[in-house]
Protein chains: 2
Amino acid sequence: MNAPDAALICRALGDTNRLQIVELLTNGEQCACKLLEHFSITQPTLSHHIKILSECGLLDSRREGVRTFYSLNCETLREFRKYIAALECSC
Amino acid sequence: MNAPDAALICRALGDTNRLQIVELLTNGEQCACKLLEHFSITQPTLSHHIKILSECGLLDSRREGVRTFYSLNCETLREFRKYIAALECSC
DNA sequence: CCGCTAAATAGATGGCCGTCTATAAAAATT
DNA sequence: AATTTTTATAGACGGCCATCTATTTAGCGG
């Protein structure tokens, strides 16, 4: 992963609500309706945040009837963790 | 480190120029005049980016005569790496 | 077919962001 | 004291962002 891609992901994670969405999905997939319960934002705003996280490859989605379940994209997350882990102090 | 603090740092790293500043400082401290050579932005813009990185605790500074040398704050960086490393896929 | 639930889209709004030019401040040198 | 170098600050501007309300789309059950 290079700097522009990593910056894109950082920007996506640079909002407390979105970072908490990722934290929640750490425990496994959840539908948007369940995610919404954890926040004090409207449904369209949550949908907007989900879109931003999806567009940079952090989220996968799976439809099941009327619900859509979202989960973390393991590969993108792994590459991003690797990039951040490489940012080490020289001391 | 909690979500709001991590989001603040992510926002600071969510710009390619700023992420590259951090990458450069991985190799040790540098003065702003040296950092500037690596970018195609003006000096005030670089100063602005440095300020944002400093305000979230990522950068330390040390003055030496007319120059100011910037370096990574090891502790902040370590805590942030730890936070990101904890964002793991459930699969 | 209708109504209900879940999610996305459209459009608006206020605010923050990245960048610039111009200027100031601080330190060293002549 | 004047000049040069390095960095910070002020102010402006265009654009993007987070959020909202209103509406639409999609699937399911009666």
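Sequence lines set the chain letters: A, B, ... in the order given, protein chains first and strands last, and positions in each chain run from 1. Worth knowing before you read on, the calculation uses all heavy atoms, side chains too, and leaves out hydrogens, waters and symmetry mates.
Of the side-chain N and O atoms in Thr45(B), one or more sit less than 4.0 angstrom from OP1 or OP2 of dC20(C). OP1 or OP2 of dG18(C) sits under 4.0 Å from a side-chain N or O of Arg18(B).
For the pair Ile52(B) CD1 and dC17(C) P, the interatomic distance rounds to 7 Å; values are reported in whole Å. The interatomic distance linking His48(B) (NE2) with dT21(C) (P) rounds to 16 Å, in whole Å. Look at CG on Leu46(B): it is 14 Å from C1' on dC20(C), rounded to the nearest Å. Look at CG on Leu35(A): it is 13 Å from P on dA6(C), rounded to the nearest Å. Distance CZ (Arg11(A)) to P (dC16(C)): 18 Å, rounded to an integer number of Å. With rounding to whole Å, Glu64(A) atom CD is found 15 Å from dA7(C) atom C1'. Atom CD in Glu37(A) sits about 14 Å away from atom P in dT5(C), given to the nearest Å. In this structure, CD of Glu55(B) is placed 12 Å from P of dG18(C), rounded to the nearest angstrom.
The residue from Arg63(B), Lys34(B), Arg62(B) that alone fulfils the side-chain contact (heavy atoms from CB on, under 4.5 Å) condition with Phe69(B) is Arg62(B). The side-chain contact (heavy atoms from CB on, under 4.5 Å) with Leu72(B) is formed by just one residue from the set Thr26(B), Asp60(B), Leu58(B); it is Thr26(B).
Across dA26(C), dG18(C), dT5(C), the shortest atom-to-atom separation from the side chain of His49(B) is found for dG18(C).
Cysteines Cys10(B) and Cys10(A) have SG atoms no closer than 2.5 angstrom.
A residue-by-residue look at Arg63(A) and Pro44(B) shows that Pro44(B) has its nearest nucleotide of DNA chain D further toward the 5' end. Of the two residues near DNA chain D, Ile41(A) and Gly65(A), the one whose nearest nucleotide lies more 5' is Ile41(A).
Interface limits on DNA chain D: the 5'-most and 3'-most nucleotides within less than 4.0 Å of chain A heavy atoms are dA18(D) to dC28(D).
Side-chain atoms of Arg18(B) come within 3.5 Å of backbone atoms of Ala12(B) as a donor-acceptor pair (strictly under, hydrogens ignored). Listed for the Ser54(A) side chain is a donor-acceptor partner under 3.5 Å among the backbone atoms of Ile50(A).
In terms of polar N and O atoms assigned as donor or acceptor, the side chain of Gln43(A) comes within less than 3.5 Å of the base of dA8(C) in a complementary pairing.
Looking at Ile21(B) and Phe39(B), their side chains come closer than 4.5 Å, going by heavy atoms from C-beta outward.
Within the nucleic acid shown, Thr68(B) comes within 4.0 Å of sugar-phosphate atoms alone, with no base atom in reach, counting heavy atoms only. Contact annotation for Tyr70(B): backbone-only contact, meaning every heavy-atom pair under 4.0 Å involves sugar-phosphate atoms and none involves a base.
For His48(B), the side-chain contact (heavy atoms from CB on, under 4.5 Å) criterion is met by Ile52(B), not counting sequence neighbours.
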